[in-house]
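To start, the structure under review is shown below, and the notes come after it.
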Amino acid sequence: MTALAPAETPQVEETPDAAESPLEGFRIGVTSDRRSQDLIDALERRGAEVLHAPALKIAPVQEDMRLIEDTRAIIAAKPDLCIATTAYGMRRWCEAADSFGIGDELLETLGACRMFVRGPKARGAVRAAGLADVGISSDETTATLVDMLLNEGVRGKTVAVQLHGYTDVRQLERLRMSGATVLTVTPYRWVKPDGEDKLPRLIEAACSGNLDVLTFTSAPAVDAMWSTAHEMGVYKQLIDSLKTNVTTAVVGPVTAQPLIDAGVTPLVPERFRMGALIRLVCEHLALNHVRRLETRSGNIELRGRSLRIDGQPVELAPAPLLLLRALLGAGGAVLSRESLSELLELRGSVHALDMTVSRLRSSLPDGRLVETVVKRGYRIRV
């Protein structure tokens, strides 16, 4: 892990949409709770079908007495240094302190210590509170901030760290092992959301390949999905699917870390913003998951689950759709019956494959599009 905070606060940056809906035919999973509607609306405007299953939500401040106790402990300790990791965390910390009548004391305490910030958004929140910072991470990670503090020396000093809802113990230990007294405060904690049945359904969709992209905006949401998948007994199946069939996309490197730890490589935008994430998803799907082919039966375009032949929509069931996607990917080359049976998980059943081919042909305007190559397999007639 490279930072204490597991989420990069997403911000929507609207850009002009392409003439066509770039996400038409694609199904995208959204796991965020806070500001999820912004992401959902942006994806749906671009033509995507969205499955929303918040993995976690933030506990109300009124129910979080631990936050106030930790704040009072920091005020009493008068720390020498303070690390601010997220803009939302700083704002919520100040608002919570105000609601309990200790807001002025908190600002006075933070104003008397040297403030370090993880990124420009955290810097903006610190300055909006009337405070000044003396250092910022060059790569928006708390590990870099800890490096800065250790370089100037922390032995005998008290360091306050504003955490997200997920703790990177390694960074805290680095400070403690170097002689610092470390106090932490977590302005927002994660709890299970209402409608907990939604997450298992999203996991099932990912496992079965009925999802094109799965998005995350916080590391705790990834951990919550892993935990739920373990409870369902499908963790290995989920990981295998995310490695092969379903693309994962995250808003920044901190959110990416739990996926990387599990062997999954997500899409990560260069700028840690929701708008950049959406653009990256659109580009990835356009480059890797849109199939176009000129054939004797017409001009074919397959975008996710949306098939058009000469511009006319064609509805296909999941199995025939999977078969057609493989044949289009081959570009007219022959695919063996064995490879297609394996793709469709038919366990070598000749009859089941023939039935799927028959269903595909009957659904197409021209069934001759799918040719049988005797004793070899099937191909698209180009």
Side-chain angles (χ1 to χ4, degrees), residues 1-13 32 34-35 38 58 61 67 70-71 74 79-98 103 106-152 154 158-168 170-172 174-175 180 182-190 217-220 250-257 268-277:
M1 296 285 285
T2 56
L4 292 173
E8 295 77 11
T9 305
Q11 295 181 348
V12 173
E13 300 166 348
S32 60
R34 189 174 71 89
R35 298 188 67 233
D38 292 339
I58 298 173
V61 165
L67 168 59
D70 290 342
T71 300
I74 288 173
D80 304 287
L81 308 164
C82 179
I83 292 176
T85 60
T86 62
Y88 180 67
M90 276 301 301
R91 291 194 300 269
R92 188 175 170 98
W93 190 13
C94 293
E95 291 167 1
D98 279 338
L106 174 61
L107 291 178
E108 182 180 346
T109 299
L110 298 180
C113 71
R114 302 179 71 226
M115 295 282 298
F116 291 80
V117 296
R118 187 172 66 95
K121 290 184 289 183
R123 168 175 277 174
V126 165
R127 294 183 177 180
L131 304 169
D133 62 271
V134 298
I136 185 170
S137 169
S138 60
D139 57 359
E140 298 192 38
T141 67
T142 309
T144 299
L145 286 183
V146 172
D147 290 341
M148 294 168 63
L149 268 62
L150 296 184
N151 285 338
E152 68 173 52
V154 296
T158 299
V159 182
V161 183
Q162 173 255 309
L163 300 173
H164 195 278
Y166 180 87
T167 304
D168 184 347
R170 181 171 177 271
Q171 302 306 327
L172 299 180
R174 291 180 66 201
L175 290 168
V182 179
L183 300 176
T184 63
V185 61
T186 307
Y188 46 117
R189 302 178 192 278
W190 301 98
T217 58
S218 75
V250 302
V251 78
V254 178
T255 304
Q257 196 60 53
V268 184
E270 291 185 5
R271 299 187 67 241
F272 311 149
R273 303 291 186 270
M274 194 184 293
L277 171 65

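As a basis for the values below, the full set of heavy atoms in this structure was taken, side chains included, without hydrogen atoms, waters or symmetry mates. The first residue of the sequence shown is numbered 1, and numbering continues consecutively from there.
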Measure across [X] and [Y] and return the closest heavy-atom pair with its distance rounded to 0.1 Å.
| X | Y | result |
| --- | --- | --- |
| Val268 | Ala256 | CG2-CB, 4.0 Å |
| Val250 | Leu277 | O-CD1, 3.3 Å |
| Cys113 | Pro79 | CB-O, 3.1 Å |

Counterpart residues, side chain to side chain donor-acceptor pair (under 3.5 Å), relative to Arg174 (two or more places apart):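 By the side chain to side chain donor-acceptor pair (under 3.5 Å) rule, Arg174 matches Asp147, Gln171.
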Between atom [atom1] of [X] and atom [atom2] of [Y], what is the distance when rounded to the nearest 0.5 Å?
| X | Y | atom1 | atom2 | value |
| --- | --- | --- | --- | --- |
| Leu163 | Thr184 | CG | OG1 | 5.0 Å |
| Thr142 | Leu149 | OG1 | CG | 11.0 Å |
| Leu67 | Thr186 | CG | OG1 | 8.0 Å |
| Leu81 | Arg114 | CG | CZ | 6.5 Å |
| Thr109 | Ile74 | OG1 | CD1 | 9.0 Å |
| Gln162 | Met115 | CD | CE | 8.5 Å |

Those residues that, when tested against Ser138, pass side-chain contact (heavy atoms from CB on, under 4.5 Å) (two or more places apart):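 Per chain and number, Ser138 pairs via side-chain contact (heavy atoms from CB on, under 4.5 Å) with Thr144.
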Set of residues satisfying side-chain contact (heavy atoms from CB on, under 4.5 Å) with respect to Leu106, sequence neighbours excluded: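 Counting only residues at least two positions away or on another chain, Leu106 forms a side-chain contact (heavy atoms from CB on, under 4.5 Å) with Thr71, Ile75, Trp93, Ala97, Leu110.
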Within-4.5 Å side-chain heavy-atom neighbours: Asp98 and Glu95: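 Sidechains of Glu95 and Asp98: no contact.
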Check: Leu175 and Leu150 side chains under 4.5 Å, non-hydrogen atoms: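 Yes; the side chains approach each other to less than 4.5 Å.
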Intermediate values then yes/no, side-chain contact (heavy atoms from CB on, under 4.5 Å), Ile83 and Arg118: CA-CA 8 Å; Ile83 292 176; Arg118 187 172 66 95; 5.8 Å; no
Enumerate, atom names and distances included, each donor-acceptor pair closer than 3.5 Å involving a side-chain atom of residues 125-137, sequence neighbours excluded.
from, atom 1, to, atom 2, distance (Å)
Arg127, NE, Asp133, OD1, 3.0
Arg127, NH2, Asp133, OD1, 3.3
Asp133, OD1, Arg123, NE, 3.2
Asp133, OD2, Arg123, NE, 3.1
Asp133, OD2, Arg123, NH2, 2.9
Ser137, OG, Asp139, N, 3.3
Ser137, OG, Asp139, OD1, 2.8
Ser137, OG, Glu140, N, 3.0
Ser137, OG, Thr141, N, 3.0
Ser137, OG, Thr141, O, 3.0

